[in-house]
Asks: 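Sharing a structure with you now.
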Number of protein chains: 2
Amino acid sequence: MSYQGFTFVYIECADMAHLPEGASAHLRASPPEPSRKRLNTWQAIRAEVLRRIRAGEWPPGALIPTEQHLSVEMGCARATVNRALRELADSGIIQRRRKVGTRVAATPLRRTTLRLPAIRTEIEGMGAAYSYQLTECEARLPTPEAMRALQVDAQDPLLLVMSRHMADGQPHCSEAIWLNPRALATPDAVVFAVEPPQEWLARTLAVMQTSFSILAEPASGTCALNLGVEPGTPVLTIERVNSMDALPVSFARQFYPPKHRLIFDA
Amino acid sequence: MSYQGFTFVYIECADMAHLPEGASAHLRASPPEPSRKRLNTWQAIRAEVLRRIRAGEWPPGALIPTEQHLSVEMGCARATVNRALRELADSGIIQRRRKVGTRVAATPLRRTTLRLPAIRTEIEGMGAAYSYQLTECEARLPTPEAMRALQVDAQDPLLLVMSRHMADGQPHCSEAIWLNPRALATPDAVVFAVEPPQEWLARTLAVMQTSFSILAEPASGTCALNLGVEPGTPVLTIERVNSMDALPVSFARQFYPPKHRLIFDA
DNA sequence: AAGTGGTCTAGACCACTAA
DNA sequence: TAGTGGTCTAGACCACTTA
């Protein structure tokens, strides 16, 4: 993880070509050992397959040997080959279909993993001191956006909590959360003077389903004020809708200033 | 996948609570069948664990039973439990440590999967017609950004290719790619009049390692022109650095207009 | 009908780490 | 040192798809 200026890493990429971890098992009843070196960790097999693809031995669109074939060639169990190829398929490097076989992806549809930590974690992970300020907390009728996100009517009152998160005293992120009191026993507003709403939510509701959106938009007045930038400045917005059993309970919008990056490092 | 106005889905979330696929194996030597129902697919076990977490039986921070314990309780092999718990750990729902055990994550560090298709795929996936226009293609000295990304000196000439991608004739994405001729046999500029540079790259170099950044910034002049918006309009920028064997070969910046969203649907 | 990937099993050894 | 997760194996059955 790095921290240069405002930029920082908070995302990790699909794991590729890592080191073996639980490597080096099973030389037990080792057979007479053919001339070819034995590959018997799934990481080693993944690396070897990747190597052949990159080397052009298996060009884009080509079929590669079957699991059965590879397990014999590499001297390991088919399950091990399966694990390796499954990882590669999850990364979008290869495509697998029953009966047909495994093909090197012609179109590079890359899948990477996005880590979305709590903001406190994000800031402390940079080595900065985290602090939180409540800006506003009141009952409000939903905006059209909030109506859609939380699936409520225009007359349903919601709780709007606005706040900002600071890193070493500097504004890092401005946040607006709509809570649906009908779906969720909302606490006294006083709670949010101290505890960030997202943390209260996580503590209260355990595991939720969350859907995310990422977009760029101009900073609104409140957001600009919270971040200390001019209104209209581009901000990176992350929207999160938390649901319990398909019932949306909260709609959060987090705004980051222009220098902020989401970095997927490989 | 959905398409409402400008918004569209091109991302998928970590798979959770899906249906079994290769379900229903192994009632072979089924033992006398205890009163409790037998769960013997990893999807079923993952769903049951998730249910218990959501129901509060295993609150955030709590240790859950060991793989051994669960395999006995659910009547399946430990490997099956391992697969289920590994998936949950990959999603950030639980945290696993040897000797210690498995804990329900107290901090909701969610990991979701980001699909980054080629732009052609993205547009055609919306049901729109894809077209491509080359705007500019010339040798240039690198900007400081390009220098950093491609690890070259200020005197190294690079090839800069600027273009835009259209959906049903409307500007969808503006793109600027820097190619390093020292790392890559760059083609005649005429190639890029017809073929988008990313597709040429994918076709030519097979599998590369790619690192991504996402940020919001004001549209520059060329970008604004390509997208048909005012300069300074917030754009969502996706940066990609493609590398071969740790050697960066291309630095691409893709700019999307404000209405564009990356959607991670759950 | 046959071939390929997807999964489960039962057992084993290893890696890591708290006690 | 002991307990827990991480992995490999050899074999098996099943699901899906093309022929």
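Heavy-atom basis, side chains included; hydrogens, waters and symmetry copies ignored. Order of the sequence lines sets the chain letters (A, B, ...), proteins ahead of strands, with each chain counted from 1.
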Asks: Restricting to side-chain hydrogen bond (donor to acceptor under 3.5 Å, both in side chains), what partner residues turn up for R78(A), sequence neighbours left out?
Replies: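 E67(A).
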Asks: Starting from C1' on dG6(C), measure out to CD1 on I45(B) and report it in whole angstrom.
Replies: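 Atom CD1 in I45(B) sits about 15 Å away from atom C1' in dG6(C).
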Asks: Using the salt bridge (charged side-chain N to carboxylate O under 4.0 Å, His left out) criterion, which residues pair with R120(A)? Sequence neighbours excluded.
Replies: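 By the salt bridge (charged side-chain N to carboxylate O under 4.0 Å, His left out) rule, R120(A) matches E124(A), E199(A).
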Asks: Atom CG of L85(A) and atom P of dC8(D): how far apart are they, to the nearest Å?
Replies: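 For the pair L85(A) CG and dC8(D) P, the rounded distance is 13 Å.
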Asks: Closer than 4.0 Å, any side-chain N/O of T102(A) to the OP1 or OP2 of dG5(C)?
Replies: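 Checking T102(A) against dG5(C): at least one side-chain N or O falls below 4.0 Å of OP1 or OP2.
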Asks: For dG6(C), does either OP1 or OP2 sit under 4.0 Å from a side-chain N or O belonging to R97(A)?
Replies: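 Result: no.
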Asks: List the residues meeting side-chain hydrogen bond (donor to acceptor under 3.5 Å, both in side chains) with E195(A), not counting sequence neighbours, and say none if there are none.
Replies: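 E195(A) satisfies side-chain hydrogen bond (donor to acceptor under 3.5 Å, both in side chains) with R203(A) only.
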Asks: Taking side-chain hydrogen bond (donor to acceptor under 3.5 Å, both in side chains) as the test, write out the residues that go with Y132(B), two or more places apart.
Replies: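 Residues passing side-chain hydrogen bond (donor to acceptor under 3.5 Å, both in side chains) with Y132(B): none at all.
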Asks: Counting just side-chain N and O atoms, does R96(B) come under 4.0 Å of either OP1 or OP2 of dG6(D)?
Replies: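 Yes, within the criterion.
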Asks: Which of residues 76-83 of chain B have a heavy atom under 4.0 Å from DNA chain C?
Replies: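 Those residues whose heavy atoms fall under 4.0 Å from DNA chain C, taken from residues 76-83 of chain B in numerical order, are C76(B), A77(B), R78(B), A79(B), T80(B), R83(B).
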Asks: Of the residues in residues 62-72 of chain B, which ones touch DNA chain D at a heavy-atom distance under 4.0 Å?
Replies: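 Contacting residues: T66(B), E67(B).
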Asks: When you match K99(B) and V100(A) each to their closest nucleotide on DNA chain D, which lands nearer the 5' end?
Replies: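 The answer here is K99(B).
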